[in-house]
Amino acid sequence: MTLAATEISRPKSRVLPWVNGSAVVMTLYLVFLLLPIYWLLNMSLKTNTEILSTFSLWPQDLTFDNYRTILTDPSWYMGYVNSLIYVVINTVISISVALPAAYAFSRYHFMGDKHLFFWLLTNRMAPPAVFALPFFQLYSSVGLFDTHIAVALAHCLFNVPLAVWILEGFMRGVPKEIDETAYIDGYSFGRFFMKIFMPLIASGIGVAAFFCFMFSWVELLLSRTLTSVDAKSIAATMTRTVSASGMDWGVLAAAGVLTIVPGALVIYFVRNYIAKGFALGRV
Amino acid sequence: MEKTVNQKAWFLVLPVLVLVAFSAVIPLMTVVNYSVQDTFGNNEFYWAGLEWFSEMLDSERMWNALSRQLVFSAIILAIEVPLGIFVALNMPKKGFWASLCLVLMALPLLVPWNVVGTIWQIFGRVDIGLLGYTLDKIGIPYNYTQDFFAAWATVIIMDVWHWTSLVALLAYAGLQSIPDAYYQAAKIDQASRLAVFRFIELPKMQGVLMIAILLRFMDSFMIYTEPFVVTGGGPGNSTTFLSIDLVKMALGQFDLGPAAAFSIMYFLVILLISWVFYTVMTNLEKREGA
């Protein structure tokens, strides 16, 4: 609210006016970002013979065959389904355990709270490569290897700390008087949390869910190590098919384009909170 | 905010504790186990003490990977942080263009890491890639699978492409939180653009920039997928960073003992540096709050 108010009162001739110089910088930067993605899109709409024989900035012989291959072949499209399943499971688990913990960190002092918070963060810092082999053995021994839940649990390693961190930042912004008033009004903790508190930090929950989704969606090493057939992720499908079929560039590019779509969709919903979310709710 | 002391808050933290213990402590203990034991197969293990640690500390392979990793992290931080701040300063402040810039800039962050590799692999190839083809036509020899310099340049530019937006978005969030009164005061004092940046914007961005540096350091230090897809660690070992080397050792050659010792030292290095960042960061927050 305060932000919007200052936006309006901001004078036209600011110290940093949105002049042409800035527009040029932004255009150059965005071109740098989008050019490789454009090239991928371009490749995905060409036939393999065209990719290898001619060099052109746009498809001469427009074809959707690459996409058709992916969307009709179960070994391809099941990759997307598997990835989406474990990403959603992971997001749900991460947010539901992180909510109460973040509340505790933002409201109370308790024995060892600072150490615990840092210890949680160290898990975000742990290189997945360190955990790949032990995870493989752990989940094999409990019979969870090659299941969606295994990957979802493994991704909790870095998503739970992140969710706690983000949610704690957002919860800190909610005045404590609200809690106290609710308790005086006779709300129990559970009802207060569900009915009053969660709607107040809805944007924070959205942002945390977005980040869990994102980091689980983009991860390759753990999801590849923990799956073989039934729960094989799209990332793993892509790397394995590359070596097997001798570089089918068109299909590879089309698969790449399709992996960007879910991200682009969710980003649209949280666009106004992206910046604050990346600051982990601490602005 | 004033916090009250309440030991019952532990119950709220318990689910996280159980979950993270399952997915972090148990695996980590496995690693610690392997690091002090030796095996001759058949699941028979012998106490090896600190043998693996001393072996790894003497091995040139690890030191080489570590120095490559440090050089890589230093280079990308030196490029991404100033570039990110510069981009953030030039972003539109509000309205349609601001939203559009935000969405487009966040796009690379949401591309799966192996696809980032694929994108640059295709983009950089001399025969089919726009970048490789153009450089080749201009007459610059460029081949990221053969040439040491080209491989490094590709991996670094790829990381800049992938992650500069993160720094820019964080810096942008910091800039947005500066009250207008600060700028007006600066204007009355007729402060130069540089002075405004140095004495208003930079101090106000300090907090978020620390987060940016912390995140970028951590993530670049454990980079695996992107260089693995593009260069596979080559040519030779020139882009074999710590994680790539570790995976090669643990899952490729199944050298459990050395790999475990390697893992623990790797983790400790990250932990140590991150702890320094974290301490600085929380102190900054405290000072701002006071």
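By convention in this document, chain letters (A, B, ...) are assigned in the order of the sequence lines, proteins followed by strands, and residues within each chain are numbered from 1.
Within a 6.0 Å radius of CD in A/Glu180, other residues, nucleotides and ligands contribute more than 12 heavy atoms. Shown here is A/Phe193, whose CZ atom has more than 12 heavy atoms of other residues, nucleotides or ligands within 6.0 Å. At most 12 non-hydrogen atoms from other residues, nucleotides or ligands lie less than 6.0 angstrom from CZ of B/Phe11.
Put simply, of B/Ile128, B/Leu83, B/Val5, the one with the most heavy-atom pairs under 4.5 Å next to chain A is B/Ile128. Heavy-atom pairs under 4.5 Å with chain A were tallied for B/Phe86, B/Phe217, B/Phe221; the largest tally goes to B/Phe86. Your options are A/Ile234, A/Asn42, A/Leu28, A/Val160, and the one with the most heavy-atom pairs under 4.5 Å with chain B is A/Val160. In terms of heavy-atom pairs under 4.5 Å with chain B, the best-connected choice from A/Gly112, A/Ala132, A/Ala126, A/Cys156 is A/Ala126. In terms of non-hydrogen atom pairs under 4.5 Å with chain B, the most contact-rich of A/Gly263, A/Ala163, A/Pro127 is A/Pro127. Heavy-atom pairs under 4.5 Å with chain B were tallied for A/Val25, A/Leu40, A/Ile260; the largest tally goes to A/Val25. Contact count versus chain A (heavy atoms, under 4.5 Å) is highest, among B/Val247, B/Ile122, B/Leu28, for B/Ile122. Interface remark: of the candidates B/Phe228, B/Tyr34, B/Tyr133, B/Trp120, B/Tyr133 forms the most heavy-atom pairs closer than 4.5 Å to chain A. Note on A/Leu35, A/Val164, A/Leu153: by heavy-atom pairs under 4.5 Å with chain B, the leading option is A/Leu35. Contacts with chain A were tallied for B/Asp219, B/Leu14, B/Leu131; B/Asp219 has the most, counting heavy-atom pairs under 4.5 Å.
Contact record, A/Tyr108 with B/Ala9: CD1-CB, 3.7 Å, taken as the closest heavy-atom pair. Minimum heavy-atom separation, A/Val218 to B/Val111: CG1-O, 3.5 Å. Smallest separation of non-hydrogen atoms from B/Pro27 and A/Phe131: CB-CD2, 3.7 Å. Closest approach of B/Arg125 to A/Trp249, counting heavy atoms only: NH1-CZ2, 3.4 Å. When every heavy atom of B/Asn90 is checked against every heavy atom of A/Met26, the shortest pair comes out as O-CG, 3.4 Å. The nearest pair of heavy atoms linking B/Leu17 to A/Trp119 is CD1-CZ3, 3.9 Å.
Rounding to the nearest 0.5 Å gives a distance of 14.0 Å between OG of A/Ser22 and CH2 of B/Trp97. Atoms CG and CG, on B/Leu130 and A/Leu57 in that order, are 6.5 Å from each other to the nearest 0.5 Å. The CG atom of B/Asn114 lies 9.0 Å from the CZ atom of A/Arg224; values are rounded to the nearest 0.5 Å. Here the CD1 atom belonging to B/Ile119 is positioned 13.5 Å from the CH2 atom belonging to A/Trp39, to the nearest 0.5 angstrom. Once rounded to the nearest 0.5 Å, the distance linking CG of A/Leu33 with OG of B/Ser165 reads 4.5 Å. Taken from OG1 in B/Thr225 to CG in A/Leu220, the straight-line distance is 4.5 Å, to the nearest 0.5 Å.
Only the side chain of B/Leu214 comes within contact range of chain A, with heavy atoms under 4.5 Å apart. Looking at A/Met43, only its side chain comes within 4.5 Å of chain B, counting heavy atoms on both sides. At a 4.5 Å heavy-atom cutoff, A/Phe136 makes no contact with chain B through either its backbone or its side chain. For A/Leu116, the part lying near chain B is the side chain, with the backbone staying farther off; criterion is any non-hydrogen pair under 4.5 Å. Heavy atoms closer than 4.5 Å to chain A are found in both the backbone and the side chain of B/Trp275. Residue contact with chain A, scored on non-hydrogen atoms closer than 4.5 Å, is absent for B/Asn33. Residue contact with chain A, scored on non-hydrogen atoms closer than 4.5 Å, is absent for B/Phe262. When heavy atoms are compared at a cutoff of 4.5 Å, B/Leu242 does not approach chain A at all. Looking at B/Leu246, only its side chain comes within 4.5 Å of chain A, counting heavy atoms on both sides. The contact between A/Leu121 and chain B is made entirely by side chain atoms (from C-beta outward), counting heavy-atom distances below 4.5 Å. Looking at B/Phe197, there are no atoms closer than 4.5 Å to chain A (heavy atoms on both sides), in backbone or side chain. Of the two parts of B/Val25, only the side chain, counted from C-beta on, holds a non-hydrogen atom closer than 4.5 Å to a non-hydrogen atom of chain A. Within the 4.5 angstrom heavy-atom criterion, only side-chain atoms of B/Thr30, from C-beta onward, approach chain A. The parts of A/Leu157 that come within reach of chain B are both its backbone and its side chain, each placing non-hydrogen atoms under 4.5 angstrom from that chain. With a threshold of 4.5 angstrom between heavy atoms, B/Leu19 approaches chain A through side-chain atoms but not through N, CA, C or O. Only the side chain of B/Ile26 comes within contact range of chain A, judged by heavy atoms closer than 4.5 Å. The contact between A/Leu138 and chain B is made entirely by side chain atoms (from C-beta outward), counting heavy-atom distances below 4.5 Å. Heavy-atom distances place both the backbone and the side chain of A/Phe32 under 4.5 Å from chain B.
For the pair B/Leu215 and A/Arg124, the minimum side-chain heavy-atom distance is below 4.5 Å. Looking at A/Met238 and B/Val115, their side chains come closer than 4.5 Å, going by heavy atoms from C-beta outward. Proximity of B/Thr118 to A/Leu252: side-chain heavy atoms (C-beta onward) are separated by under 4.5 Å at one or more points.
A donor-acceptor contact closer than 3.5 angstrom is absent between the side chains of A/Glu219 and B/Tyr224. Inspection of the A/Tyr29 and B/Thr164 side chains reveals no N or O donor paired with an N or O acceptor under 3.5 Å.
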Side chain to side chain contact (heavy atoms under 4.5 Å, CB included) between A/Ile37 and B/Phe123, intermediate numbers included: CA-CA 9 Å; A/Ile37 297 182; B/Phe123 196 57; over 6 Å; no
Intermediate values then yes/no, side chain to side chain contact (heavy atoms under 4.5 Å, CB included), A/Phe110 and B/Val13: CA-CA 10 Å; A/Phe110 47 93; B/Val13 191; 3.7 Å; yes
Working for side chain to side chain contact (heavy atoms under 4.5 Å, CB included), residues B/Leu12 and A/Phe189: CA-CA 11 Å; B/Leu12 296 172; A/Phe189 175 71; 3.9 Å; yes
Full working for side chain to side chain contact (heavy atoms under 4.5 Å, CB included) between B/Thr4 and A/Lys176: CA-CA 11 Å; B/Thr4 45; A/Lys176 210 178 171 186; 3.3 Å; yes
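Annotation: salt bridge (charged side-chain N to carboxylate O under 4.0 Å, His left out) contacts of B/Arg216 (sequence neighbours excluded): B/Glu80, B/Asp159. Every residue two or more places apart in sequence or in another chain was checked for a side-chain hydrogen bond (donor to acceptor under 3.5 Å, both in side chains) with B/Ser263, and none qualifies.
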